[in-house]
Amino acid sequence: MTIVTRFAPSPTGFLHIGGARTALFNWLYARHNGGKFLLRIEDTDRERSTDAAIEAIFEGMKWLGLDWDEEPIFQFSRRERHADIARQLLAEGKAYYCYASKEELAEMRDQARAESRPPAYDGRWRDRDPSEAPAGVQPVVRFKSPNDGVTLVRDLVQGDVTFANEQLDDMILLRADGTPTYMLSVVVDDHDMNVTHIIRGDDHLTNAARQQQLIEAIGWAVPEYAHIPLIHGPDGAKLSKRHGALGVEAYRDMGYLPEALRNYLLRLGWSHGDDEVISTEQAIDWFNIENIGKSAARFDFAKLENLNGIYIRNADDAYLAALIKPIIERMTGTDLDPNHLKLIEKAMNGLKERAKSVNSLAESSLFLVAERPLVLDDKAKSLLNEEACAVLQRLADRLESLAEWDKDLVENAVRAAAEAEGLKLGKIAQPLRAALTGTTVSPGIFDVLDVLGRDQSIGRIRDAIPG
RNA sequence: GUCCCCUUCGUCUAUCGGUUAGGACGCCAGAUUUUCAUUCUGGAAAGAGGAGUUCGAUUCUCCUAGGGGAUACCA
């Protein structure tokens with residue numbers, strides 16, 4: 001039997017980080033087993049579902065590299081099929097019409113709580129004759145769930161979890177307006193899509209018991225369940241917008257590489273011995289449900305950032321250059337010409353060693369494309385005092401006389417200059433850096449000279465010298 | 001309130017009855033270095049509490065505490 005997993009977000013907002021992890025686990029499990037990973041948009045809440053959110057989910061999945069098989073299923077479009085099942089249940093006496101008003105429902109809840117009983121619908125219409133129905137009230141359809149006994153959910157992550165059936169009331173299958181509820185829809189869709197493994201957040205654990213009852217009543221096979229722990233914010237509380245509950249596109253905008261985020265998310269709640277940096281191939285190869293932890297994990301930006309740095313350092317230069325191109329263009333307000341892009345690519349090796357985000361990478365490469373004369377920051381200005389400028393003047397002359405702009409020749413010239421001046425290399429390198437980059441932080445100074453080339457290097461040095 | 005789940009360094013985790021409780025991030029100190037990083041070396045840092053089971057519990061059981069989730073005509 002082929003393994004089929006699915007990710008089933010409701011399009012009421014962006015693809016948040018918790019959803020992304022759920023999607024990742026489903027994707028990995030399917031890929032690991034050579035199965036299928038399906039996408040289903042749970043858009044039955046017409047009020048809150050938006051096209052923008054659907055688009056954001058697709059985009060987020062693509063950005064993370066989580067490709068799904070087959071066309072996405074839109075749950076709302078299957079409402080007739082869902083309702084059919086409800087009607088079938090009705091015909092079989094496994095469901096019934098309920099005419100209780102919202103006020104009655106609220107009353108039941110309050111009373112149950114007051115009496116320390118589970119707050120549940122009391123089943124008042126369960127066995128009543130339809131002829132008793134009040135006039136003018138559109139009924140809902142409720143599932144006739146077992147009153148006693150227990151429901152055992154055999155969860156791959158949580159283990160065997162038992163729920164007393166009296167704890168679970170008769171849930172609504174069809175609303176008064178005839179539309180199916182989530183509980184009915186998921187069960188029918190997962191069945192029709194041949195989903196074998198349901199991997200989702202453990203906030204659905206109780207739902208699993210209810211859904212299992214429904215599945216059994218219909219007579220279908222119960223799928224495997226794996227309820228994974230939720231992600232918490234740094235303070236241990238549920239992830240909110242304040243922490244990391246941002247859309248994945250927010251992480252992209254903060255300069256995180258999708259592969260770094262994916263690695264981080266994978267290690268959050270799942271482990272493979274002491275392995276930390278895990279490639280996609282390894283992840284697919286190693287992923288299993290057994291190694292998913294049972295406790296909630298806190299989101300830690302510091303670790304994400306560290307991983308991001310590792311992935312940036314190991315990334316391909318051209319790939320990174322292409323990534324930062326639009327960022328630089330946004331920063332400078334002008335389009336990058338091909339020569340500049342080549343320059344950036346050439347400098348990338350030294351640049352990426354120092355970056356912890358794509359954004360900071362873009363920022364640190366700005367000096368490469370800056371127009372002369374450079375705008376110097378304060379620290380750079382203070383480095384270029386009279387004495388330093390005199391040194392740079394002589395250095396510029398020395399560089400000017402170089403037969404060719406060869407990296408080694410340039411380095412030798414600078415070192416020779418330092419020696420001639422009786423200065424340590426640092427004493428000459430820092431003012432030089434200030435003149436060449438306008439800042440006090442950059443890749444190695446010889447790399448900078450090499451990448452910038454003769455004209456820019458000498459020009460920038462001369463620009464920095466007053467008069 | 002009721003039901004369910006969770007609990008090892010600050011954080012993510014390893015350990016599947018016997019370990020000096022390991023690794024990673026972060027932090028501290030040092031080395032390398034033309035800046036910043038990188039890299040390297042070293043360090044501080046943990047079994048929530050209490051009972052049991054056992055020759056022996058971080059590991060198994062129970063209780064307590066703390067945290068989380070679910071309790072909708074949302075998904």
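To find a chain, count down the sequence lines: A is the first, B the second, and so on, and within it residues start at 1.
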Is there a side-chain contact between A/T44 and A/R79 in this structure, where contact means two heavy atoms from C-beta onward sitting under 4.5 Å apart? no
Non-neighbouring partners of A/F7 that pass ring-ring contact (aromatic ring centres under 6.0 Å, His included), sequence neighbours left out: none
Identified salt bridge (charged side-chain N to carboxylate O under 4.0 Å, His left out) counterpart of A/D170 within the set A/R126, A/R124, A/K94, A/K144: A/R126
Let me know, please, whether A/P180 or A/V161 comes out on the 5' side of the other along RNA chain B by nearest nucleotide. A/V161
Contact under 4.0 Å: A/K294 side-chain N or O vs B/C6 OP1/OP2: yes
Can you check the A/I231 CD1 to B/C12 C1' distance for me, whole Å? 12 Å
A/F74 atom CZ, over 12 foreign heavy atoms within 6.0 Å: yes
In sequence, state the C-alpha distance, the side-chain angles, and the governing distance for A/D317 and A/K346, and then conclude on salt bridge (charged side-chain N to carboxylate O under 4.0 Å, His left out). CA-CA 8 Å; A/D317 292 349; A/K346 191 175 177 192; over 6 Å; no
Using the C1' atom as the point on both nucleotides, what is the distance between B/C28 and B/A44, in whole Å? 7 Å
Enumerate, atom names and distances included, each donor-acceptor pair closer than 3.5 Å involving a side-chain atom of residues 287-295 of chain A, sequence neighbours excluded.
unit_1: A/N288; atom_1: OD1; unit_2: A/W270; atom_2: NE1; d: 3.0
unit_1: A/N288; atom_1: OD1; unit_2: A/N291; atom_2: N; d: 3.4
unit_1: A/N291; atom_1: ND2; unit_2: A/S271; atom_2: O; d: 3.3
unit_1: A/K294; atom_1: NZ; unit_2: A/Q158; atom_2: O; d: 3.3

Please determine, for the side chain of A/R267, which listed nucleotide (B/C25, B/U13, B/A75) has the closest atom? B/U13
Rounded off to whole Å, could you give me the CZ-to-C1' distance for the A/F299 and B/U13 pair? 16 Å
Within the structure shown, what part of the strands sits under 4.0 Å from A/G269 by heavy-atom distance: base, sugar-phosphate, or nothing? sugar-phosphate
Are any protein N/O atoms closer than 3.5 Å to N/O atoms in nucleotides 18-21 of chain B? If there are, list each pair with its distance.
none

Please enumerate all residues that pass ring-ring contact (aromatic ring centres under 6.0 Å, His included) together with A/F58, with sequence neighbours excluded. A/W68
Just say parallel, tilted or perpendicular for the rings of A/Y251 and A/F301, cut-offs at 30° and 60°. parallel
Find the distance A/R415:CZ to B/U33:C1' and express it as a whole number of Å. 11 Å
Please tabulate, for the side chains in residues 421-433 of chain A, all donor-acceptor contacts under 3.5 angstrom to protein atoms that are two or more places apart in sequence or on a different chain.
unit_1: A/E421; atom_1: OE1; unit_2: A/R394; atom_2: NH2; d: 3.0
unit_1: A/E421; atom_1: OE2; unit_2: A/R394; atom_2: NE; d: 2.8
unit_1: A/Q430; atom_1: OE1; unit_2: A/R433; atom_2: NH1; d: 2.5
unit_1: A/R433; atom_1: NE; unit_2: A/S442; atom_2: OG; d: 2.7
unit_1: A/R433; atom_1: NH2; unit_2: A/P443; atom_2: O; d: 3.3

Nucleotide B/U11, atom P - distance to CG of A/L265 in whole Å: 19 Å
What's A/S364 touching, base or sugar-phosphate or nothing? Going by heavy atoms closer than 4.0 Å. nothing
A/L307 CG - B/U11 P separation (whole Å): 18 Å
Does anything in residues 419-453 of chain A pair up under ring-ring contact (aromatic ring centres under 6.0 Å, His included), and if so which pairs, sequence neighbours excluded? none
Taking CE from A/M183 and P from B/A75, how many angstroms apart are they, rounded to a whole number? 9 Å
Distance between the P atoms of B/C16 and B/C73, in whole angstroms? 48 Å
All N/O contacts under 3.5 Å from nucleotides 37-42 of chain B to the protein, with atom names and distances to one decimal?
unit_1: B/A37; atom_1: O2'; unit_2: A/E353; atom_2: O; d: 3.1
unit_1: B/U38; atom_1: O3'; unit_2: A/R313; atom_2: NH1; d: 3.3
unit_1: B/U38; atom_1: O2'; unit_2: A/E353; atom_2: OE2; d: 3.1
unit_1: B/U39; atom_1: OP1; unit_2: A/R313; atom_2: NH1; d: 3.3

Classify A/L425 by what it touches in the nucleic acid, base, sugar-phosphate, or nothing, heavy-atom distance under 4.0 Å. base
For A/S116, answer base if it contacts any base atom (sugar-phosphate contacts may also be present), sugar-phosphate if it contacts only those atoms, and nothing otherwise; contact means non-hydrogen atoms under 4.0 Å. sugar-phosphate
In this structure, how many angstroms lie between the C1' atom of B/U11 and the CG atom of A/D300, rounded? 5 Å
May I ask you to say what A/S271 touches in the nucleic acid, namely base, sugar-phosphate or nothing, with a heavy-atom cut-off under 4.0 Å? sugar-phosphate
A/T44 side chain, from C-beta outward: closest of B/A75, B/C3, B/U13: B/A75
Please name all residues satisfying side chain to side chain contact (heavy atoms under 4.5 Å, CB included) with A/T151, sequence neighbours left out, ordered by chain then number. A/N165, A/A209, A/Q212, A/Q213
Which part of the nucleic acid does A/E42 contact within heavy-atom distance under 4.0 Å: base, sugar-phosphate only, or nothing? sugar-phosphate
Interatomic distance where CZ belongs to A/R298 and P belongs to B/U7 [whole Å]: 14 Å
Side chains of residues 179-188 of chain A: which donor-acceptor pairs under 3.5 Å do they make with residues two or more places apart or in other chains?
unit_1: A/T179; atom_1: OG1; unit_2: A/R175; atom_2: NH1; d: 2.8
unit_1: A/T179; atom_1: OG1; unit_2: A/D177; atom_2: OD1; d: 2.7
unit_1: A/T181; atom_1: OG1; unit_2: A/I172; atom_2: O; d: 2.8
unit_1: A/T181; atom_1: OG1; unit_2: A/L173; atom_2: O; d: 3.4
unit_1: A/Y182; atom_1: OH; unit_2: A/H204; atom_2: ND1; d: 3.2
unit_1: A/S185; atom_1: OG; unit_2: A/H82; atom_2: ND1; d: 3.2
unit_1: A/S185; atom_1: OG; unit_2: A/T181; atom_2: O; d: 3.0

Of B/C25, B/A75, B/G23, the nucleotide closest to the side chain of A/A302 is B/C25
Output a table of donor-acceptor pairs, distance under 3.5 Å, between side-chain atoms of residues 111-120 of chain A and any protein atom two or more places apart or on a different chain; print 'none' if there are none.
unit_1: A/Q111; atom_1: NE2; unit_2: A/E115; atom_2: OE2; d: 3.2
unit_1: A/E115; atom_1: OE1; unit_2: A/R117; atom_2: NE; d: 2.8
unit_1: A/E115; atom_1: OE1; unit_2: A/R117; atom_2: NH2; d: 3.2

Distance between the P atoms of B/G42 and B/A48, in whole angstroms? 29 Å
Atom pairs under 3.5 Å: protein N/O with N/O of nucleotides 67-73 of chain B:
unit_1: B/G68; atom_1: O2'; unit_2: A/H232; atom_2: NE2; d: 3.3
unit_1: B/A70; atom_1: O2'; unit_2: A/T206; atom_2: OG1; d: 3.4
unit_1: B/A72; atom_1: OP2; unit_2: A/R109; atom_2: NH1; d: 3.3
unit_1: B/C73; atom_1: O2; unit_2: A/A176; atom_2: N; d: 2.9

Under 4.0 angstrom, heavy atoms only, what part of the nucleic acid is A/P9 near: base, sugar-phosphate, or nothing? nothing
Between A/T162 and A/G444, who's closer to the 5' end of RNA chain B by nearest nucleotide? A/T162
Hey, does the side-chain of A/E115 have a donor or acceptor N/O within less than 3.5 Å of a partner on the base of B/G1? no
Any idea which of B/U7, B/G23, B/U35 is nearest the A/V441 side chain? B/U35
C1' atom, B/G26 versus B/U61: distance in rounded Å? 37 Å
Could you note down all residue pairs passing salt bridge (charged side-chain N to carboxylate O under 4.0 Å, His left out) where residues 147-160 of chain A supplies at least one of them, sequence neighbours left out? A/R154-A/D160
Contact class for A/Y264 vs. all strands (heavy atom < 4.0 Å): base, sugar-phosphate, or nothing? nothing
